[in-house]
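Below is one structure, written out as structure tokens; comments come after it.
Heavy atoms only: backbone and side chains are in, while hydrogens, waters and symmetry mates are out.
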Amino acid sequence: MPGATRRSALGLLLGTPLLSACAGVQQSLSQFSNPFSSSPPPAQPAGPPQQGTTAGTGGVKVAVILPLSAAGNAGLAAQSMRNAAEMALAEFQNPNIQLLIKDDNGSPQGAQAGAQQAVDEGAEIILGPLFAQSVPAVAQVARTRGISVIAFSTDSSIAGRGVYLLSFLPESDVNRIVEYSASIGKRSVAVLVPDNAYGNVVEAAVKAAVPRRGGRIVAFEKYGADRATPARTVAQQLGGADALFIADDGDAVVTVADAMTAAGANLRNIQLLGTGLWDNPRVYASPALQGGLYAAPDPAGFRAFSGRYRTKYGAEPIRTATLAYDAVALVAALARTQGTTRFSPDVLTNPSGFAGIDGLFRFRADGTNERGLAVMKVTQGGGVAVAGSPKSFGA
């Protein structure tokens with residue numbers, strides 16, 4: 001069957017060349033603030049918008065929309081992602097694509113203008129933008145031309161109708177760590193999550209994932225500035241739990257774990273579980289969190305990527321730079337192998353998925369993604385893999 005052959009080929013499109021071994025330093029997934037924060041920082045006005053540029057000379061035009069002139073970390077992140085996009089182009093053998101790189105100035109208006117300019121210049125697909133608030137403006141332009149958007153935001157609410165998110169979504173972390181914990185017999189879970197947008201997404205995911213794996217949630221609390229009261233409430237119910245799931249970034253996780261200890265919980269007697277935001281030096285240095293398990297991309301891919309990036313640019317990439325690399329490598333591979341249907345929804349949502357810097361990923365029909373993640377253990381020396389990334393997706 002031709003369809004089966006195409007699915008098998010697509011599953012290996014990016015493959016192992018992107019994961020070649022190279023020395024490097026693992027950096028935290030929360031390096032560019034919190035990856036779930038899809039809104040630009042409010043401080044400092046943006047600089048003047050940059051003129052659009054191009055990279056590559058191929059016949060298939062691909063828009064890349066990033067907040068290159070935005071202030072502070074946003075602009076720095078955008079530059080790192082632009083570098084990664086151009087690096088992917090340079091490392092892909094004879095790519096038949098040309099990148100139309102547009103600066104959105106960190107605003108929806110800038111993103112819409114950049115998208116309009118790119119499609120007027122013949123772009124067949126749009127990569128970016130980075131911020132959630134800018135994605136609908138780009139999607140509006142893309143839908144009038146019937147083309148797809150692969151955005152880098154982590155806000156699942158903006159996915160769908162031709163908008164696919166290539167980002168680190170909390171849902172994948174939750175599903176992987178709950179699946180693994182159930183496989184080692186940890187099915188009675190106490191849960192502590194922050195009372196914010198990230199916590200809301202994790203709450204929905206964990207309340208679906210735990211029962212699906214035959215488990216039960218024995219305690220559930222959200223916390224704001226006051227961590228002590230929710231910690232005491234959960235500590236009193238830990239007797240009925242064999243796992244404690246805390247979903248937050250490094251600094252907050254340490255604070256919550258300390259609050260649990262202060263409330264009388266013995267965290268050494270329970271399996272601690274977390275998300276990819278645990279990939280943080282503060283977590284590794286915390287005595288209370290030693291032995292905790294969290295889901296995250298296998299760090300080997302990013303180490304290899306970082307080494308090549310440093311060699312080329314003389315600087316460290318931000319952690320999310322791999323998203324731009326994988327997006328460009330993906331469209332280059334599709335342009336080479338998929339003919340005129342290269343960026344159609346059927347091709348982009350192929351169930352076999354694709355292999356990138358951070359392992360397997362696939363787009364769902366609703367625009368969200370699923371990632372094949374490793375399970376990492378917290379040690380004083382950093383994260384150590386206890387279960388590797390899957391080599392293929394199940395049905």
Query raised in the report: Can V328 and V62 be said to form a side-chain contact (heavy atoms from CB on, under 4.5 Å), step by step?
Result: CA-CA 9 Å; V328 170; V62 175; over 6 Å; no
Query raised in the report: Given the rule in the side-chain contact (heavy atoms from CB on, under 4.5 Å) test, do T379 and Y284 qualify, once you have shown the distances and angles that lead to the verdict?
Result: CA-CA 6 Å; T379 75; Y284 304 136; 5.9 Å; no
**Report entry** Stepwise side-chain contact (heavy atoms from CB on, under 4.5 Å) test for L293 and L272
**Finding:** CA-CA 6 Å; L293 302 174; L272 296 171; over 6 Å; no
Query raised in the report: For F152 and L323, what are the C-alpha separation, side-chain angles and deciding distance, and is it a side-chain contact (heavy atoms from CB on, under 4.5 Å)?
Result: CA-CA 7 Å; F152 304 125; L323 303 180; 3.9 Å; yes
Query - Test salt bridge (Lys or Arg N to Asp or Glu O under 4.0 Å) applied to K61 and E121, step by step - result: CA-CA 8 Å; K61 294 182 177 180; E121 292 169 10; over 6 Å; no
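The CD1 atom of I125 lies 10.0 Å from the CD1 atom of I97; values are rounded to the nearest 0.5 Å. A distance of 9.5 Å separates OG in S181 from NZ in K186, rounded to the nearest 0.5 Å. Taken from OG1 in T275 to CG in L373, the straight-line distance is 10.5 Å, to the nearest 0.5 Å.
Counting heavy atoms from C-beta outward, N369 and Y164 have side chains that stay 4.5 Å or more apart. The side-chain heavy atoms of N280 and D249, taken from C-beta on, include no pair separated by under 4.5 Å. Using a 4.5 Å cut-off on side-chain heavy atoms (C-beta onward), V386 and Y180 make contact. No side-chain heavy atom of Q271 sits under 4.5 Å from any side-chain heavy atom of D242. Side-chain atoms of L360 and S389, non-hydrogen and from C-beta on, never get closer than 4.5 Å to each other. Within the 4.5 Å cutoff, the side chain of R319 has heavy atoms near those of the F168 side chain. Side chains of L334 and F343 form a contact here, defined as non-hydrogen atoms less than 4.5 Å apart. Side-chain contact between V254 and R282 is present, with heavy atoms from C-beta onward closer than 4.5 Å.
A side-chain donor-acceptor contact under 3.5 Å links Q79 and N83. With no hydrogens or angles considered, a side-chain donor-acceptor pair links Q116 and D120 at under 3.5 Å.
Note on L130: it clusters hydrophobically with L166, by side-chain heavy-atom contacts below 4.5 Å among ILVMFWY residues. No continuous path of ILVMFWY side-chain contacts below 4.5 Å connects I147 to L100, so the two sit in separate hydrophobic clusters. Both I318 and F131 are members of a single hydrophobic cluster when ILVMFWY side chains are connected at heavy-atom separations under 4.5 Å.
The shortest heavy-atom contact between A315 and R310 is O-CG, 3.2 Å. Nearest heavy-atom pair across V210 and R187 is CG1-O, 4.4 Å. Nearest heavy atom pair, residue V193 against residue V191, reads CG1-CG1, 3.7 Å.
Tested against S134, the residues P108, S153, P67 include a single side chain to side chain contact (heavy atoms under 4.5 Å, CB included) partner, P108.
At least one test fails for R362 against the ring of F354: distance under 6.0 Å to the centre or angle within 45° of the axis.
Counting non-hydrogen atoms of other residues, nucleotides and ligands closer than 6.0 Å to CZ of R145 gives a total above 12. Around NZ of K222, the count of heavy atoms belonging to other residues, nucleotides or ligands within 6.0 Å exceeds 12. Annotation: R143, atom CZ; neighbour count of heavy atoms from other residues, nucleotides and ligands within 6.0 Å is above 12. Within 6.0 Å of the CD atom in Q51, the count of heavy atoms belonging to other residues, nucleotides or ligands does not exceed 12.
Under a 4.0 Å N-O distance rule, the pair R303/D298 does not qualify as a salt bridge. Comment: R342 engages E124 in a salt bridge, judged by a side-chain N to carboxylate O separation of less than 4.0 angstrom.
With hydrogens and angles disregarded, no donor-acceptor distance shorter than 3.5 Å links the side chain of T229 to the backbone of D226. Distance alone, capped at 3.5 Å, places no donor-acceptor pair between the Q112 side chain and the V135 backbone. Not a single donor-acceptor pair under 3.5 Å links the side chain of D248 to the backbone N or O of P194. Between the side chain of D326 and the main chain of G356, no donor-acceptor pair closer than 3.5 Å is present.
Taking the six-membered ring for Trp and thresholds of 30 and 60 degrees, F305 and Y309 have ring planes inclined between 30 and 60 degrees apart.
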